[in-house]
Undergrad: 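Sharing a structure here in structure tokens format.
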Amino acid sequence: MEDEEMEKKVQQYLQRKGFRLTELALQEERNRLSTSAISDVALARSDNDPARYYDGYSRLRTWAYSSLDQYKHELLRVLYPVFIHSFMDLVAEGHMQEARSFFHTFREDHEVMHSRDLQKLEGVLSPSHLEEMELARSFRKNKFKIKLCEYSYELLLQYLQKTQALVVLGVINEHITFEVSPGQPSLISDDADVVALIGTSKDLAKQINQKEVHWGLLEDSVEERMEKALAESDKIEAESKDADAEDNKKRNAEGGKQGASLKKAKKDKLVGATGKSVRTETSMVSVAPRVKPELTLPATPVEVEQSILEDLRNRAQLNSVALPSVSFYTFLNTHNGLNCSSISHDGSLVVGGFSDSSVKVWDMSKMGQPAKISRSQGENGPSQGERISTLDEGKRTYTLFQGHSGPVYSAAFSPFGDFLLSSSSDSTIRLWSTKLNANLVCYKGHNYPVWDVQFSPVGHYFASASHDRTARIWSMDKIQPLRIMAGHLSDVDCVQWHVNCNYIATGSSDKTVRLWDVQTGECIRMFIGHRSMVLSLAMSPDGRYMASGDEDGTIMIWDLSTGRCVSPLLGHSSCVWTLAFSCEGALLASGSADCTVKLWDVASSTKTLKTEDTQLS
């Protein structure tokens with residue numbers, strides 16, 4: 001009121017004095033200030049208007065779909081991060097009805113590429129859910145990396161400047177980083193790895209993948225020594241056969257049986273050539289480079305060396321024509337209680353981990369024999385007797401291990417089958433002796449459930465993966481972890497050792513696979529390309545390639561030296577729970593929740609890379 005009265009008195013004074021121009025100037029200034037105040041109120045109202053997200057995304061979507069076909073697939077990549085953060089902003093501001101309408105209107109744009117994420121975000125019904133849901137927190141804390149060519153990036157900037165789309169501009173500035181490359185747009189087939197959640201560091205993945213990886217096998221390993229000895233014995237045997245064939249040829253020629261001798265010589269030559277080719281293919285692993293171990297490796301017992309030599313002698317080359325023999329065992333009456341299973345390297349033992357916190361081991365040599373009563377020892381000595389025989393005497397027997405206080409999610413045998421590891425939701429890992437039927441050690445270090453545990457190829461060391469977003473390396477003789485690998489943005493769901501024991505690979509719910517140096521604990525490779533959580537991993541016998549399987553059923557073959565995907569394998573329709581390479585690396589087996597086991601010819605997928613390496617060398 002005082003301001004208004006003052007303005008009236010000033011105006012009356014100007015009128016009395018005849019200052020007409022000054023009075024008009026004062027009125028114009030008053031009108032300008034009132035107009036500015038009204039516009040500020042309107043702008044403040046528009047800032048709180050939930051429709052601005054709908055309009056901003058809708059216009060961006062229309063523009064992207066109407067772009068030139070050459071650049072359209074790149075510009076469409078921007079839609080998903082804008083859609084996700086527009087939805088979460090609406091939820092955070094309390095506009096729940098508008099958020100649900102926005103989500104259901106535009107979710108079809110991203111159903112093919114990001115169906116798993118959409119299913120999880122569909123359950124967000126209040127602002128508190130954004131804080132509780134791990135996926136939403138990950139989106140909020142980290143940035144999307146989007147690959148665009150230079151011209152596509154210029155088109156996007158021109159659109160944002162022309163339309164003044166403040167909502168879209170805010171989302172892009174806060175939650176997206178662009179990797180701009182000169183030249184032509186990337187191929188549509190490369191879209192799997194062009195939109196990825198990489199963390200807050202813009203060049204993190206690029207910096208990590210520039211580090212060197214020594215993917216070869218261990219020098220002077222047992223297998224290498226055995227293969228050399230076997231190759232020498234085969235060479236001596238082949239030379240003696242050739243000498244005998246020559247002697248027979250001369251004798252038969254002198255005796256007038258030249259036709260029969262030629263036929264036999266051809267046959268011997270064919271057999272020799274076939275054997276040579278099989279040995280060459282079987283020893284493909286031996287051409288891999290040799291590296292020194294970074295860990296102190298245990299000595300190999302003599303009986304183990306003998307078994308390896310016997311295995312090498314009997315090993316046959318597998319390929320798409322010569323498929324392996326198959327032996328199936330079925331767990332009956334588990335009533336959804338079986339969480340994991342594993343087979344020892346020699347195939348003599350099978351272990352199962354169950355939801356009732358038990359671990360059971362079956363001896364394959366005793367299948368079908370009458371059941372017996374056995375007792376297992378707990379962590380602190382003999383426990384109360386556990387009757388492990390089945391009700392009917394004719395059923396299979398097993399050894400029961402009890403000690404965990406929660407469901408068992410992973411179990412793995414040592415390379416020689418004398419030890420067994422199990423991990424559980426009780427956040428512990430337990431070491432069992434299959435000889436003594438006893439629990440030897442309980443390893444405590446993780447803070448949350450341990451999803452996976454794996455022995456190293458030489459035993460003694462093992463790695464674990466947990467809900468606490470870390471992987472850890474342990475040794476059997478220490479109760480504390482030797483290394484902690486931290487860097488994943490979500491659960492570490494699976495872990496796998498490299499064949500030379502210098503690296504471990506981890507697969508995560510953040511849709512990435514990482515390769516870690518066991519000596520330094522640093523991440524040296526980040527593999528980006530999966531569209532859902534990574535559930536299984538496998539290393540090729542020569543150590544160059546890695547296979548990873550995800551929740552959508554996709555399998556990817558990666559080249560460890562470059563960090564690039566060699567070949568995606570499509571065929572499963574559900575989660576890929578397990579992967580394994582054949583001994584010579586030509587075949588890959590995969591087990592899926594779609595109730596199928598598939599064999600893949602990976603030799604043909606990696607043949608191009610090996611040819612290129614040969615040409616370069």
Side-chain angles (χ1 to χ4, degrees), residues 193 196 198-199 201 203-221 223-224 284-297 454 456-458 461 463 465 471-473 482-488 492 494-508 510-530 534 536-549 555-568 579 581 585 588 602 605-614 616-617:
D193 64 340
I198 60 167
S201 176
D203 299 320
L204 177 62
K206 184 181 293 185
Q207 292 174 1
I208 288 175
N209 290 345
Q210 288 177 349
K211 298 178 182 179
E212 188 176 4
V213 173
H214 302 285
W215 54 267
L217 304 177
L218 288 176
E219 61 182 19
D220 196 32
S221 63
E223 290 82 357
E224 184 179 7
M284 283 173 56
V285 172
S286 63
V287 302
R290 297 316 195 213
V291 298
K292 294 182 179 180
E294 295 182 358
L295 296 173
T296 304
L297 303 182
Q454 294 293 331
S456 73
V458 296
Y461 301 99
R472 305 185 186 215
I473 296 177
L482 305 179
R483 295 286 184 276
I484 299 177
M485 281 68 173
H488 279 293
V492 182
C494 53
V495 64
Q496 188 60 252
W497 284 84
H498 191 271
V499 290
N500 63 23
C501 299
N502 291 339
Y503 309 102
I504 65 165
T506 54
S508 170
D510 64 11
K511 308 175 189 175
T512 68
V513 180
R514 294 185 183 226
L515 190 70
W516 308 82
D517 188 319
V518 299
Q519 186 63 34
T520 64
E522 293 182 354
C523 176
I524 57 174
R525 282 290 181 275
M526 183 186 295
F527 304 93
I528 299 175
H530 283 286
V534 182
S536 54
L537 295 169
M539 292 286 180
S540 65
D542 64 354
R544 178 171 182 179
Y545 302 104
M546 175 181 66
S548 57
I555 301 170
M556 290 189 171
I557 307 295
W558 306 91
D559 185 347
L560 296 184
S561 58
T562 63
R564 294 170 54 189
C565 178
V566 178
S567 174
L579 293 168
F581 278 93
L588 175 70
V602 294
S605 302
T606 58
K607 188 175 182 181
T608 305
L609 282 179
K610 292 177 180 177
T611 304
E612 292 176 357
D613 291 347
T614 304
L616 290 173
S617 60

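No experiment lies behind these values; they were computed from the predicted model shown.
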Undergrad: Mind checking what makes side chain to side chain donor-acceptor pair (under 3.5 Å) contact with Ser456, not counting sequence neighbours?
TA: none
Undergrad: Show the atom names and distances, to 0.1 Å, of all donor-acceptor pairs under 3.5 Å that link a side chain in residues 560-568 to residues at least two apart or in another chain.
TA:
unit_1, atom_1, unit_2, atom_2, d
Ser561, OG, Asp559, OD1, 2.7
Ser561, OG, Asp559, OD2, 3.4
Thr562, OG1, Arg564, N, 3.3

Undergrad: Return the set of residues passing side chain to side chain contact (heavy atoms under 4.5 Å, CB included) with Thr520 (not counting sequence neighbours), or none when no residue passes.
TA: Asp517, Glu522
Undergrad: Under the side-chain hydrogen bond (donor to acceptor under 3.5 Å, both in side chains) test against Ser508, which residue among Thr512, Thr506, Asp510 passes?
TA: Asp510
Undergrad: Side chain to side chain donor-acceptor pair (under 3.5 Å) with Ser536: which residues, sequence neighbours excluded?
TA: none
Undergrad: Would a 4.5 Å heavy-atom cut-off, applied to side chains only, mark Gln496 and Ile504 as touching?
TA: no
Undergrad: Which residues pass the side chain to side chain contact (heavy atoms under 4.5 Å, CB included) test with Ser540, sequence neighbours left out?
TA: Asp542, Tyr545, Phe581
Undergrad: Hey, what do you get for CD1 (Ile473) to CD1 (Ile484), rounding to the nearest 0.5 Å?
TA: 10.5 Å
Undergrad: Output yes when a side-chain donor or acceptor of His530 lies under 3.5 Å from a complementary backbone atom of Gly549, and no otherwise.
TA: no
Undergrad: In the structure I gave you, are the side-chain heavy atoms of Leu217 and Val291 within less than 4.5 Å of one another anywhere?
TA: no
Undergrad: Using the side chain to side chain contact (heavy atoms under 4.5 Å, CB included) criterion, which residues pair with Ala505? Sequence neighbours excluded.
TA: Leu515, Leu537, Met539, Met546
Undergrad: Please state whether the rings of Tyr461 and Trp497 are parallel, tilted or perpendicular, taking 30° and 60° as the class boundaries.
TA: tilted
Undergrad: Do Arg483 side-chain atoms and Gln519 backbone N/O form a donor-acceptor pair below 3.5 Å?
TA: yes
